[in-house]
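Okay, structure first, notes after.
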Amino acid sequence: MANDVLIGEMDTMVAILECVIATGLQGNKKVEHRQHSKVWAKVERSISEMVGNGNLEEGNTIELTAYKIPGLTVRWRVIVEGVTYEITAIDPISRISPLNVLTLSAID
């Protein structure tokens with residue numbers, strides 16, 4: 001299979017933060033991110049350059065391969081080496097694979 005991931009390649013411990021909608025003191029809704037779990041993952045980084053607001057800017061994206069987590073959505077967050085990232089895409093490797101590829105982008 002072309003998308004094989006060896007268990008030894010999953011060498012980075014990442015924290016998965018679950019998105020929870022809570023009620024504030026005034027009865028308003030607020031979004032909180034609480035730690036759901038810590039998992040081992042394979043991390044692949046890519047850096048791209050783009051023009052934004054007339055300036056050359058750097059885009060930092062990460063592809064993270066980890067075991068599927070029930071209930072995971074793009075509202076959740078991931079902490080990789082102390083930096084918090086938002087999940088922009090969740091893609092299964094294949095229909096029968098227990099692994100997902102998460103595309104992450106840094107939160108400024």
Side-chain angles (χ1 to χ4, degrees):
M1 198 153 97
N3 294 321
D4 286 343
V5 176
L6 301 174
I7 194 73
E9 294 176 331
M10 301 174 115
D11 59 356
T12 305
M13 179 69 76
V14 299
I16 308 294
L17 305 178
E18 179 180 14
C19 178
V20 178
I21 306 296
T23 304
L25 296 174
Q26 304 295 324
N28 56 326
K29 292 182 181 178
K30 62 180 183 177
V31 176
E32 296 179 354
H33 290 91
R34 300 179 187 156
Q35 184 165 327
H36 179 271
S37 57
K38 287 190 174 186
V39 298
W40 290 101
K42 175 183 175 184
V43 176
E44 298 177 81
R45 299 177 188 277
S46 65
I47 297 175
S48 60
E49 292 180 343
M50 62 192 132
V51 176
N53 298 325
N55 297 320
L56 186 61
E57 297 178 357
E58 179 182 292
N60 182 7
T61 59
I62 290 181
E63 282 193 350
L64 183 122
T65 305
Y67 283 95
K68 292 178 181 175
I69 298 171
L72 181 69
T73 68
V74 294
R75 294 182 133 217
W76 292 26
R77 302 283 186 257
V78 179
I79 298 176
V80 180
E81 297 172 350
V83 179
T84 304
Y85 294 88
E86 65 181 346
I87 301 172
T88 57
I90 304 170
D91 299 307
I93 288 183
S94 72
R95 201 170 43 121
I96 59 172
S97 175
L99 301 173
N100 272 342
V101 176
L102 307 179
T103 304
L104 311 175
S105 64
I107 298 175
D108 293 330

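Residues take their numbers from the sequence shown, with the count starting at 1.
- Hydrophobic clustering (side-chain heavy atoms under 4.5 Å, transitive across Ile, Leu, Val, Met, Phe, Trp, Tyr) keeps Leu72 apart from Tyr67.
- Residues passing the side-chain contact (heavy atoms from CB on, under 4.5 Å) test with Val74, sequence neighbours excluded: Ile87, Ile90.
- Residues passing the salt bridge (charged side-chain N to carboxylate O under 4.0 Å, His left out) test with Arg75, sequence neighbours excluded: none.
- Val14 and Leu17 are assigned to two separate hydrophobic clusters, defined by single-linkage of ILVMFWY side chains at heavy-atom distances under 4.5 Å.
- Among pairs with a residue in residues 68-99, those fulfilling ring-ring contact (aromatic ring centres under 6.0 Å, His included) read His36-Trp76, at least two apart in sequence or across chains.
- With Thr88 contributing its side chain and Thr103 its backbone, the two residues share a donor-acceptor pair below 3.5 Å.
- Here Val43 pairs with Thr12, Arg45, Ile62, Leu64, Val80 under the side-chain contact (heavy atoms from CB on, under 4.5 Å) rule; sequence neighbours left out.
- For Thr84, there are no side chain to side chain donor-acceptor pair (under 3.5 Å) partners at least two apart in sequence or on another chain.
- Nearest heavy atom pair, residue Thr23 against residue Lys30, reads O-CE, 4.4 Å.
- Met10 and Thr65 make their closest contact through CE-O, 3.4 Å (heavy atoms, listed as atom of the first residue, atom of the second, distance).
- Minimum heavy-atom separation, Ser37 to Ile69: OG-CD1, 4.3 Å.
- Interatomic distance, His33 NE2 to Glu86 CD, rounded to the nearest 0.5 Å: 9.5 Å.
- Shown here are the side-chain contact (heavy atoms from CB on, under 4.5 Å) partners of Gln26, two or more places apart in sequence or in another chain: Asn28.
- Counting non-hydrogen atoms of other residues, nucleotides and ligands closer than 6.0 Å to NZ of Lys38 gives a total of 12 or fewer.
- Cluster annotation: Leu102 and Met13 are assigned to distinct hydrophobic clusters (Ile/Leu/Val/Met/Phe/Trp/Tyr, side-chain heavy-atom contacts under 4.5 Å, transitive).
- A distance of 9.0 Å separates CD of Glu32 from CD1 of Ile21, quoted to the nearest 0.5 Å.
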